[in-house]
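Below, chains carry the letters A, B, ... as their sequence lines are ordered, and counting in each starts from 1.
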2 protein chains.
Amino acid sequence: MSQAWHEELQAEVKSGARVGDRDIADKVRRAVLMQRLPPGTKLPEVTLGEVFGVSRSVVRKALTRLASEHVVDQRPNQVARVRAPSIEETRETFAARRLVEGEVVALLAGTLSAETLDALKIQAREETESYRRGDEPARIEHSLNLHHLLAEHSPNRVLGGMLTDLVLRTSIVVALYKRSGLSSCYQEAQHDRLVELLAAGEAEAARGAIHDHLFGLEALLDLSPRESSIDLKSILGQSPAI
Amino acid sequence: MSQAWHEELQAEVKSGARVGDRDIADKVRRAVLMQRLPPGTKLPEVTLGEVFGVSRSVVRKALTRLASEHVVDQRPNQVARVRAPSIEETRETFAARRLVEGEVVALLAGTLSAETLDALKIQAREETESYRRGDEPARIEHSLNLHHLLAEHSPNRVLGGMLTDLVLRTSIVVALYKRSGLSSCYQEAQHDRLVELLAAGEAEAARGAIHDHLFGLEALLDLSPRESSIDLKSILGQSPAI
DNA sequence: CATCCCGACATTGTATACAGAAAATGCCCC
DNA sequence: GGGGCATTTTCTGTATACAATGTCGGGATG
């Protein structure tokens with residue numbers, strides 16, 4: 001685990017109230033999303049417990065939760081590690097998300113209240129602004145918020161839950177496989193267009209927009225088969241920092 | 001928890017080796033599927049621990065696992081209970097499964113090896129036989145096996161995992177909402193036809209077959225809105241047995 | 001008679017101790 | 001210098017004790 005992250009959290013924890021497994025899971029998930037915990041990073045229970053000021057029981061629960069969300073790899077008798085989805089799994093995750101999110105927006109088109117549409121527009125606008133400011137963390141945050149809103153308002157809650165999971169997983173692999181030269185994966189105006197189609201009730205067009213959006217995002221990644229660069233590292237267990 | 005189930009397990013546990021959280025989750029899941037643990041049944045940690053001869057730690061892990069599979073409802077500071085999906089959730093689960101399983105069989109069509117096709121045919125045949133024998137538990141088992149095989153062989157593993165979850169959830173609600181007069185939800189020859197289409201590589205026809213199959217299954221259920229019969233019981237916490 | 005309050009009990013939440021498995025270390029031998 | 005083996009160290013698996021919380025009853029009160 002990174003040293004800076006440690007200290008940052010120490011302060012936050014000391015000042016605040018007592019933390020539960022939910023809080024720990026949230027913090028770790030966020031850290032993975034923000035690439036402060038690179039794939040393969042070991043997450044020993046005692047260490048995390050010390051950082052958050054709780055015992056292993058709570059940490060364990062948090063790790064199990066993260067494992068069920070596919071954020072962390074938990075194998076018997078081995079330290080939990082930040083998961084590093086393969087290139088193949090990345091492609092499959094995108095395909096699954098296209099299917100599910102496409103259906104969700106198709107169901108959603110024309111059924112959204114004015115308030116919800118406003119909330120979506122706000123996130124889209126904030127995303128664009130953050131991008132122009134060059135504030136990438138904020139941009140990601142707003143982009144995630146938008147898709148999360150879609151999942152939450154899905155008329156089909158089961159699909160909504162699945163979409164929440166897929167959005168998280170896609171975000172992780174985007175962080176992982178983003179081309180090194182690329183500072184951002186922002187795609188001009190696509191979110192705005194989607195919201196417009198949802199407002200207009202154009203179900204199939206909205207599905208198409210989501211498909212385009214996700215294909216575009218996937219195309220921005222570097223998914224060329226690499227020779228053991230990432231894989232070996234995680235397999236051989238070389239963690240970049242204690 | 002039911003008394004008969006207790007004793008049955010006691011014997012099995014005594015004779016066998018040490019049990020892990022995986023084993024406990026398997027047994028409980030199976031019991032729910034077989035309707036030996038009706039929805040709303042309380043599952044206190046100590047009781048389960050005594051039954052399986054392990055401490056609460058292991059039981060806890062098993063319950064958490066089952067909760068992430070949507071088999072059990074685990075709320076803070078409350079006893080875990082067998083989940084009772086609402087009628088609305090049932091409909092949504094079926095819709096989600098149609099979407100996902102339809103896509104999986106479409107991807108699968110024409111790509112299956114002879115061995116896998118044989119395995120599928122065997123399950124379909126065994127299901128029919130079990131039905132003719134009137135052996136409903138065996139019939140369910142083979143039906144589940146068939147769909148589980150589809151999920152396992154999905155070229156898209158992410159979708160496969162989601163399908164596994166959805167198959168389990170549909171099985172639970174089928175057990176819950178099966179019309180009382182109906183002894184079985186067997187649908188003549190539908191599985192055989194599906195396998196044929198998969199062998200022939202007819203992707204869209206296979207998707208259609210799965211849709212028909214699932215619509216038919218859903219139609220066999222009694223999903224008429226009922227007045228507080230199931231819902232109130234589970235909400236008010238009246239468990240039918242100890 | 002309904003409602004509210006309070007206390008005993010049941011059950012989960014958390015911390016901790018010890019046992020066992022895996023990984024890291026160091027050593028020897030080649 | 002490199003590979004194999006024993007040792008040590010680290011970490012997880014499990015059980016258990018205690019704390020905190022929720023549940024359910026009885027009884028007083030309006």
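- Between the side chains of A:S184 and A:R139, at least one donor N or O sits under 3.5 Å from an acceptor N or O.
- Judged purely by distance below 3.5 Å, without hydrogens or angles, the side chains of B:R169 and B:T93 never pair a donor atom with an acceptor atom.
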Distance-only donor-acceptor hits, side chain of residues 157-165 of chain A, under 3.5 Å, sequence neighbours excluded:
{"residue": "A:T164", "atom": "OG1", "partner": "A:G160", "partner atom": "O", "Å": "3.1"}

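- Summarising the geometry, the separation between NZ on A:K42 and P on D:dT10 is reported as 11 Å, rounded to the nearest angstrom.
- Residues A:D222 and A:S224 bring a donor and an acceptor atom of their side chains to less than 3.5 Å of each other.
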Inset, instruction - Determine, for nucleotides 12-20 of chain C in 5'-to-3' order, which nucleotides have protein heavy atoms under 4.0 Å from the base (write B), from only the sugar-phosphate (write S), or from neither (write -). - result: BBBBBB---
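- Residues A:S143 and A:N145 bring no donor and acceptor atom of their side chains to less than 3.5 Å of each other.
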